[in-house]
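Encoded as structure tokens, the structure appears first; notes follow it.
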Protein chains: 2
Amino acid sequence: MKNLLDIYSRKKRDISAIEKELEETVSSDYSLLRETSIHLLKAGGKRIRPVFVLLSGEFGNYQLQTMKNVAVPLELIHMASLVHDDVIDDANTRRGQLTVRSKWDNRIAMFTGDYIFAKALGVITQIPKPEVHQIMSKAIVEMSIGEMEQIRFFFNSEQTIRDYLLRIRRKTALLIAISCQLGAMASGAPDWVSTKLYNFGYNVGMAFQIRDDILDLIGTEKQIGKPPGSDVRQGNITLPVLLTMKNPGLKPMILTELDRIHKLDGQTDVSRFLDLIRGSEGIKEADRLSQVYIDKAIASLDKLPDIRAKKDLIEVAHFIGNRSY
Amino acid sequence: MKNLLDIYSRKKRDISAIEKELEETVSSDYSLLRETSIHLLKAGGKRIRPVFVLLSGEFGNYQLQTMKNVAVPLELIHMASLVHDDVIDDANTRRGQLTVRSKWDNRIAMFTGDYIFAKALGVITQIPKPEVHQIMSKAIVEMSIGEMEQIRFFFNSEQTIRDYLLRIRRKTALLIAISCQLGAMASGAPDWVSTKLYNFGYNVGMAFQIRDDILDLIGTEKQIGKPPGSDVRQGNITLPVLLTMKNPGLKPMILTELDRIHKLDGQTDVSRFLDLIRGSEGIKEADRLSQVYIDKAIASLDKLPDIRAKKDLIEVAHFIGNRSY
């Protein structure tokens, strides 16, 4: 399987252009906000959303300026949601870097998120298609509902797998779905193409989040840029855990552990919990579901023209389904 | 002087329509966000921004639907910023009601703000004028810079009056300025008219915030819906305080008090501080500056046609300059 960078290499120049535009967009004349925003940008990220915009744009009349106007706000919306996420998660590191809330404080993180979000809107206004604005604003509403849902379900061991899937749909999959859709729409691809790409992005997004949640349980701190078990410490019960709890032999032990971690507000060693999950079938089953989403994603591309971008999208999908970082 | 409700009475029906639209806009199918948002809405507020949109719209081709599309997002943006403001201020009450952060918690308040903000965008997309979007997004960026500035200047006794004025410009005046401007623009009033109305709103907004800051020092809890001295407890040094510190006889005592309040993180009786300010010329001088802004605001309307809305704007301006709630 190819490495993400190999797939990106063809689009390297355009990704750099987006990176530059991201930096320019958040560079205000007010130094603290510039500092916090640039800190966030420099912490990196896979830039999956911009890449999907670029690849999807190749199904229409690809114009870098248009692609930038779509990719930059989508990545900024994602960044703004991350920095607000870190506030509720009390997260100290992300991608191996200090979070804004830990390097500065929660209040500064909150306003950095607001600022980045506002800057994203400024870029969106440059896109002359009202339907693009509508799609983005609906996705942002859904994302904020998803964030709230996450809080509501913290340490809720009664939640169903459907609750989990609905939540990651809002939290992650929708924004990736519209990255594909809007990349195509903005470059004038026909509606059926942008719909197929939406489906591709949606399914890849679901797989992406499931993989993320698996990695939080089995990855090393070096791989995932934060201590493993961060999810459970904040009360976020993810798919592998829900699947493991279907095993009546394991459920009581997991409930006991969840209860203990909850009572200690996550400030405790979670290695017993991690061992329980790692030793179960939950990880493998979650992985299988993630593969189902990847397969669905790739199937969505079936009828699309066989251009280079289609091959690349398939490669990125495979990478996402198997990634270890 | 007329009461605000007397001035509003002519527009009562349209204000009710906006109120209804505000409620419908934030009513999602997800119950917690509906609850927190409706709680915020029901806590009331003067709805100054919607009223300015409506009155300014009368300088063009007034259409209620257009007015709603402008007024609703502006009021929602204001509400979103309030709920985030309450998080950094650790505020427990606003307008005599529990704040979202105190009735629920900070995380829920943060996402309620994000959600309301996202909903505002959804309404904005219905306005077919890109320049309206650009003006709104720039104002939101400035507002978030203003919020951050506020944190930076907490308990900073070295700040100048210019720092203060710049901050309230961003925090308050700009949104009121564009409420007037966009009300006129959206209803097709000529550019020179919307510019005059922008100037009116800007100056009224400055006076509004100065008056707010005075009331925090001299008002009763019943009048202002929160304990007096809330500003200084959170470290917000406002115009009357800065003016009082120009008095070399009072400055050392104020600095001592500020230092004490700061060290105790605002968790202390601030009546000595309030007495110092109340007994000084700072309040009167701040009031005078507020009146200068009101006069400037009214002067901005000079060349506008003598329609009923112009009289009403002048009445609202006078009310704002003298209000005690």
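- Here the straight-line distance linking atom CD1 of A:Ile116 with atom OG of B:Ser144 works out to 9.5 Å at 0.5 Å rounding.
- The local environment of CD in B:Gln65 is crowded, with over 12 non-hydrogen atoms from other residues, nucleotides or ligands closer than 6.0 Å.
- Taking CD of A:Glu149 as the reference point, atom CZ of B:Phe111 lies at 12.0 Å (rounded to 0.5 Å).
- Crowding of B:Glu24 atom CD: a count of heavy atoms from other residues, nucleotides or ligands under 6.0 Å exceeding 12.
- Taken from CD1 in B:Ile151 to CG in A:Asp105, the straight-line distance is 6.5 Å, to the nearest 0.5 Å.
- Looking at B:His84, B:Met148, B:Glu147 one by one, the single match for side-chain contact (heavy atoms from CB on, under 4.5 Å) with A:Met110 turns out to be B:His84.
- Taking CD1 of B:Ile108 as the reference point, atom CZ of A:Arg152 lies at 10.5 Å (rounded to 0.5 Å).
- Taking 4.5 Å as the limit, some side-chain heavy atom of A:Phe154 sits within range of a side-chain heavy atom of B:Arg107.
- Against chain B, the residues from residues 122-137 of chain A that qualify, each with a non-hydrogen atom under 4.5 angstrom away, are A:Gly122, A:Thr125, A:His133, A:Gln134, A:Ser137 in number order.
- Under the side-chain contact (heavy atoms from CB on, under 4.5 Å) rule, B:Phe117 has a single partner from A:Ile140, A:Asp114, A:Leu121, which is A:Leu121.
- Here the straight-line distance linking atom OH of A:Tyr115 with atom CE of B:Met143 works out to 15.0 Å at 0.5 Å rounding.
- With a 4.5 angstrom heavy-atom cutoff, B:Lys138 does not touch chain A via any of its atoms.
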